J.: 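Following this message is one structure expressed as structure tokens.
Numbering starts at 1 and runs along the sequence shown. These numbers were taken from a predicted model, which means no experiment stands behind them.
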Amino acid sequence: MGAVLNIYLPTSWASLTDKQLLMVYSLFARDLSAPEVKTLCLMKWNKLEVLYKHSNNTYCVKQRRKHFFHPPRGRRGRLITSSQIQAATSTLDFLDSFPPEPIRLSHIGRHRALPADFEGVPFEKYLYLENLFQGVLHMSSNNGHTSTLLNSQTPKLLKDMSQVLYDCDNIKPSQAQLVSVFYWFASLKQYFARLFPHFFQPLNDQTTNLLAAQSLFDQLRDSTNAQIRALTGGDITKEVTIKQLDTWRALTELDAQAREAEEYRKASKS
């Protein structure tokens with residue numbers, strides 16, 4: 001009987017260690033295809049090495065001190081084929097989507113990250129990061145996909161975000177770490193959209209057309225000001241206090257106001 005190939009793979013974003021996350025983001029930064037990323041993760045995380053290609057779909061693979069190869073005729077053994085690799089890497093299909101909950105590297109160098117879900121983070125920091133993030137999306141010609149994420153001005157914006165997220169003005173993130181910043185905030189936005197569905201609603205066509213005539217700066221400024229006005233009720237003396245609110249507390253209030261406004265509109269039509 002041939003030796004057994006023992007494979008372990010994480011099954012979710014949340015189960016990835018910092019080291020594994022950094023490897024995934026480094027592969028994303030290289031703009032590899034999804035199958036390439038998953039195969040490289042499979043090989044690295046299980047200490048597998050391809051010694052040579054035996055045939056079109058069969059490989060000689062070494063794992064630590066174990067060898068797997070095409071057996072001599074008449075003897076039993078285990079073949080490592082491309083279909084077996086594909087079946088194994090399907091466990092990593094979660095990498096095809098953004099994390100369902102905020103996931104981030106806990107450190108960049110010696111610098112510790114903010115809470116992944118932003119609980120306890122001042123609302124002012126969230127607003128600043130939101131503006132930078134929208135700038136990243138605007139600059140990326142493919143809506144922030146990693147194929148264009150590190151082009152143009154996006155590395156500067158992502159570095160600015162990392163300075164806030166890791167509380168260091170002199171931080172020097174690698175390309176992989178810049179990608180991790182984007183994935184962190186993108187997953188945070190999706191997470192908030194589920195938690196605060198009334199506030200985080202897609203723009204209707206009329207609003208979208210109106211905003212299309214404005215500059216990006218004007219859009220971001222107006223959006224930020226609107227959120228602050230909603231929380232202060234127009235009382236500018238409350239602005240400093242509002243900006244220091246916990247992000248979750250501020251978004252909870254904004255979501256409640258959006259829900260009440262929606263209920264009022266529905267009642268007015270009936």
Side-chain angles (χ1 to χ4, degrees), residues 13-14 97-104 106 112-138 143-144 157-158 160-167 181-270:
W13 280 101
S97 305
F98 284 114
E101 296 184 359
I103 298 295
R104 48 75 163 124
S106 61
R112 184 182 295 274
L114 294 178
D117 61 3
F118 267 53
E119 190 167 4
V121 174
F123 189 49
E124 183 177 26
K125 284 189 177 182
Y126 171 77
L127 290 174
Y128 177 68
L129 289 163
E130 169 68 9
N131 285 349
L132 291 173
F133 183 72
Q134 293 300 327
V136 170
L137 296 181
H138 181 78
N143 291 328
L157 294 172
L158 290 168
D160 290 345
M161 291 182 68
S162 71
Q163 291 174 343
V164 179
L165 291 167
Y166 290 87
D167 194 24
V181 166
F182 177 81
Y183 267 72
W184 177 5
F185 209 78
S187 63
L188 179 70
K189 290 294 297 291
Q190 289 192 154
Y191 184 57
F192 281 167
R194 294 196 304 274
L195 289 176
F196 311 108
H198 301 283
F199 179 66
F200 288 98
Q201 289 187 345
L203 299 174
N204 57 41
D205 292 339
Q206 182 178 1
T207 306
T208 303
N209 292 335
L210 175 63
L211 293 179
Q214 296 179 281
S215 69
L216 176 66
F217 175 80
D218 289 339
Q219 292 179 43
L220 299 179
R221 180 195 60 198
D222 292 349
S223 175
T224 299
N225 288 339
Q227 292 177 59
I228 293 175
R229 282 198 305 271
L231 292 171
T232 62
D235 185 350
I236 61 173
T237 63
K238 297 179 180 179
E239 185 168 326
V240 174
T241 302
I242 292 301
K243 288 182 176 179
Q244 294 306 312
L245 275 179
D246 168 32
T247 294
W248 277 55
R249 178 69 187 88
L251 293 178
T252 298
E253 180 60 28
L254 288 168
D255 191 63
Q257 291 182 20
R259 184 186 68 249
E260 291 169 0
E262 183 180 342
E263 291 171 351
Y264 176 79
R265 287 193 299 270
K266 291 180 178 178
S268 299
K269 293 180 180 179
S270 60

J.: Apply side-chain contact (heavy atoms from CB on, under 4.5 Å) to Trp248 and Asp117, showing your working.
T.: CA-CA 9 Å; Trp248 277 55; Asp117 61 3; 4.0 Å; yes

J.: Atom CG of Leu254 and atom CZ of Arg259: how far apart are they, to the nearest 0.5 Å?
T.: 12.0 Å

J.: How far apart are the closest heavy atoms of Pro115 and Val121, and which atoms are they?
T.: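 Taking Pro115 first and Val121 second, the nearest heavy atoms are CD-CG2, 3.9 Å.
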
J.: Under the criterion side-chain contact (heavy atoms from CB on, under 4.5 Å), I'd like the reasoning laid out for Val136 against Leu158: C-alpha separation, chi angles, the key distance, then a yes or no.
T.: CA-CA 7 Å; Val136 170; Leu158 290 168; 4.0 Å; yes

J.: Parallel, tilted or perpendicular for Phe185 and Phe118, by the 30°/60° rule?
T.: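 Perpendicular, since the angle between the ring planes exceeds 60°.
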
J.: Mind checking the CZ-CG spacing from Phe123 to Leu245? Nearest 0.5 Å is all I need.
T.: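 Those atoms lie 8.0 Å apart.
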
J.: Is the Phe192 to Tyr126 ring centre distance short of 6.0 Å?
T.: yes

J.: Between atom CD of Gln244 and atom CZ of Arg249, what is the distance when rounded to the nearest 0.5 Å?
T.: 15.5 Å

J.: Show, in sequence, the C-alpha distance, side-chain angles and deciding distance for Trp184 and Leu165, and conclude whether the side-chain contact (heavy atoms from CB on, under 4.5 Å) test is met.
T.: CA-CA 10 Å; Trp184 177 5; Leu165 291 167; 3.6 Å; yes

J.: Step by step, work out the side-chain contact (heavy atoms from CB on, under 4.5 Å) result for Arg194 and Glu101.
T.: CA-CA 10 Å; Arg194 294 196 304 274; Glu101 296 184 359; 4.2 Å; yes

J.: State the CZ-CD distance between Phe199 and Glu253, to the nearest 0.5 angstrom.
T.: 11.5 Å

J.: State which residue, out of Ser97, Pro100, Ser187, fulfils the side-chain contact (heavy atoms from CB on, under 4.5 Å) condition with Trp13.
T.: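 The residue from Ser97, Pro100, Ser187 that satisfies side-chain contact (heavy atoms from CB on, under 4.5 Å) with Trp13 turns out to be Pro100.
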
